[in-house]
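A short write-up of the structure that comes next.
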Amino acid sequence: MTFQSGRHFLQIPGPTNVPDRVLRALSRPTIDHRGPEFAKLSLEVLDGLKRIFQTPGHVVIYPSSGTGAWEAALVNTLSPGDRVLMFETGHFATLWRNMAVALGLEVDFVPTDWRHGVDPEVVEQKLVEDKNHQIKSVMAVHNETSTGVTSKIPPIRAAMDRAGHPALLMVDTISSLASIDYRHQEWGVDVTVGCSQKGLMLPPGLGLNAISEKALQASKSAKLPRSFWDWEAMLTANKIGFFPYTPATNLLYGLQEAIHMLEEEGLPNVFARHDRHAEATRRAVQAWGLEVLCADPQEYSSSLTAVMMPEGYDADALLDTILKKFDMCLGIGLGKVKGKIFRIGHLGHFNDLMLAGTLSGIEMGLSLAGIPFSKAGTAAALECLADTLG
Ligand SMILES: Cc1ncc(COP(=O)(O)O)c(C=O)c1O
């Protein structure tokens, strides 16, 4: 492999670039996870995460990837054979469905074209039809990382309320938490699933659940087998700053620093920054003469943009060229859009010049790969950035 000088460009939609401040925090000596210093740290980060999820309620942290936090949401609240309503908004929604099936749940999986989010009207219709309240939970992926489509959560909640249905609402915010506005409490969500390696700017390794009182009640009678993921054991130990098993101590140092950074910037500014970079990215895509996969401007993602390749051109070959020539990785197409799209991550620790570099690398890559496009994309994005400077 040729020597690459300078910083690698990690522009996949997570894991994201880890800030130097967080890297330094991670490198602190590991401490006794049963001692008073650790208890202080964990109580501080648990409290900080509540502000990030925008909830006064419970938040738990697992030493796991996001998939673990998905499983925790299901096994703590549901029983074998329970019906759940899910939407095939993309690859990650499909994986969560597969997990639900594997755990013995009965899933009503509503198809989409992978270019749209969850349709609240379908939620309402399905729940109204479910007269005996067999459906125990509605599940939605807030930001579908495989497609760059963000489903609107408040209209889903409103649809559930209009139907007068008692199902729980569970939302995956794995690629939206701390990037796109999300309000666990205000939006009436029962379980929110998150993880460390995206908007929280940490390496992979922390899985998160925010839990409503209703979800906690449901956990008292839920019968799916659980042990590692058991909320009760976790919440009991967390009360005094401890964990029922060895936590990811150094990642919690990193989390403490990441929360400081997010709060120094201010969450509304963090969201506005992501919105602005997403808009500039879409201007570039449009000026290149390419198409954004997300078909509804109301559902454009602010953390990533999925770009459709012109017919007959392979996205993976383009990404291979960009990696080899410019040391930048972008997200490949997953599942049924493999080879057909590429994804630009613009979330987490990111700024205008990083976006300019990212788009320049793509533009050079499109040229090298012989893809028909107009070289006006980066210029259009720079203009948008200059016009919207705060
Ligand atoms: C929306 C979404 N949900 C779930 C997952 C799975 O998380 P993990 O790979 O950390 O287990 C991902 C991973 O990228 C994701 O983007």
Side-chain angles (χ1 to χ4, degrees), residues 10-18 53 60-75 84 86-103 107 109 112 114-118 139-153 156 170-180 182 184 189 191-210 228-229 248 251 254-255 258 274 278 293-294 299-306 329-338 341-348:
L10 179 68
Q11 296 316 139
I12 55 175
T16 61
N17 295 288
V18 180
F53 278 105
V60 295
I61 309 174
Y62 297 102
S64 78
S65 81
T67 301
W70 267 348
E71 182 159 338
L74 301 182
V75 297
V84 296
M86 301 179 89
F87 291 79
E88 191 212 344
T89 47
H91 182 69
F92 290 103
T94 305
L95 292 181
W96 201 11
R97 186 280 307 259
N98 293 349
M99 170 186 279
V101 170
L103 290 171
V107 184
F109 199 43
T112 81
W114 284 40
R115 300 191 69 182
H116 292 85
V118 175
M139 265 108 88
V141 175
H142 183 216
N143 186 69
E144 218 342 312
T145 324
S146 62
T147 61
V149 175
T150 306
S151 291
K152 299 253 175 288
I153 303 304
I156 297 174
M170 301 197 206
V171 179
D172 168 336
T173 62
I174 284 188
S175 59
S176 56
L177 188 70
S179 313
I180 300 172
Y182 181 81
H184 174 90
V189 179
V191 187
T192 302
V193 175
C195 71
S196 54
Q197 72 267 25
K198 312 235 180 195
L200 287 175
M201 310 178 290
L202 293 161
L206 298 179
L208 313 169
N209 279 175
F228 181 83
W229 306 114
L251 281 172
L255 178 59
H274 283 79
L293 180 64
C294 177
E299 296 182 325
Y300 282 152
S301 167
S302 286
S303 54
L304 77 133
T305 301
C329 53
L330 298 157
I332 58 168
L334 298 169
K336 68 183 183 196
V337 290
K338 180 159 176 54
I341 64 154
F342 65 91
R343 296 170 300 140
I344 309 169
H346 34 72
L347 74 162

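Read the numbers this way: they start at 1 and go in the same order the structure lists the ligands and their atoms. Index from 1, following the sequence.
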Within-shell test, [X] vs ligand 1, heavy atom, strictly < 4.0 Å:
{"X": "His142", "result": "no"}
{"X": "Lys198", "result": "yes"}
{"X": "Trp96", "result": "no"}

Determine, considering heavy atoms only, which of Leu206, Thr145, Val193 sits nearest to atom 1 (C) of ligand 1.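 Checking each option, the heavy atom nearest atom 1 (C) of ligand 1 is found in Thr145.
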**Study point:** Gap separating the CZ atom of Arg97 from the CH2 atom of Trp70, nearest 0.5 angstrom
**Key:**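 Those atoms lie 11.5 Å apart.
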**OP:** Mind checking the CG-SG spacing from Leu206 to Cys195? Nearest 0.5 Å is all I need.
**Re:**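 One finds 8.5 Å between CG of Leu206 and SG of Cys195.
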State, to 0.1 Å, how close [X] and [Y] come at their nearest heavy-atom pair, and which atoms those are.
{"X": "Thr94", "Y": "Gly90", "result": "OG1-O, 2.7 Å"}
{"X": "Leu251", "Y": "Pro203", "result": "CD2-CD, 3.8 Å"}
{"X": "Ile153", "Y": "Ala140", "result": "CD1-CB, 4.5 Å"}

What are the atoms of ligand 1, with element, lying closer than 4.0 Å to any heavy atom of [X]?
{"X": "Thr67", "value": "6 (C), 7 (O), 8 (P), 11 (O)"}
{"X": "Ser65", "value": "8 (P), 10 (O), 11 (O)"}
{"X": "Gly66", "value": "7 (O), 8 (P), 10 (O), 11 (O)"}

Nearest neighbour in protein (non-hydrogen) for [atom]:
{"atom": "atom 3 (N) of ligand 1", "value": "Asp172 OD2, 2.6 Å"}
{"atom": "atom 4 (C) of ligand 1", "value": "Trp70 CZ2, 3.1 Å"}
{"atom": "atom 5 (C) of ligand 1", "value": "Phe92 CD2, 3.6 Å"}

Next on the checklist: Can you tell whether the side chains of Glu88 and Lys336 come within less than 4.0 Å, N to carboxylate O?
Outcome noted: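 Salt bridge between Glu88 and Lys336, a charged N being under 4.0 Å from a carboxylate O: yes.
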Requested in this report: Report the relative orientation of the aromatic rings in His142 and Tyr182; use parallel for angles under 30°, tilted for 30 to 60°, perpendicular for over 60°.
Outcome: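 Answer is tilted, since the angle falls between 30° and 60°.
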Indicate the ring-plane relationship of Phe53 and His184, choosing parallel, tilted or perpendicular according to the 30° and 60° boundaries.
->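 Answer is perpendicular, since the angle exceeds 60°.
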* Do any nitrogen or oxygen atoms of Asn143 lie less than 3.5 angstrom from nitrogen or oxygen atoms of ligand 1? ->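 In this structure, Asn143 places no N or O atom under 3.5 Å from an N or O of ligand 1.
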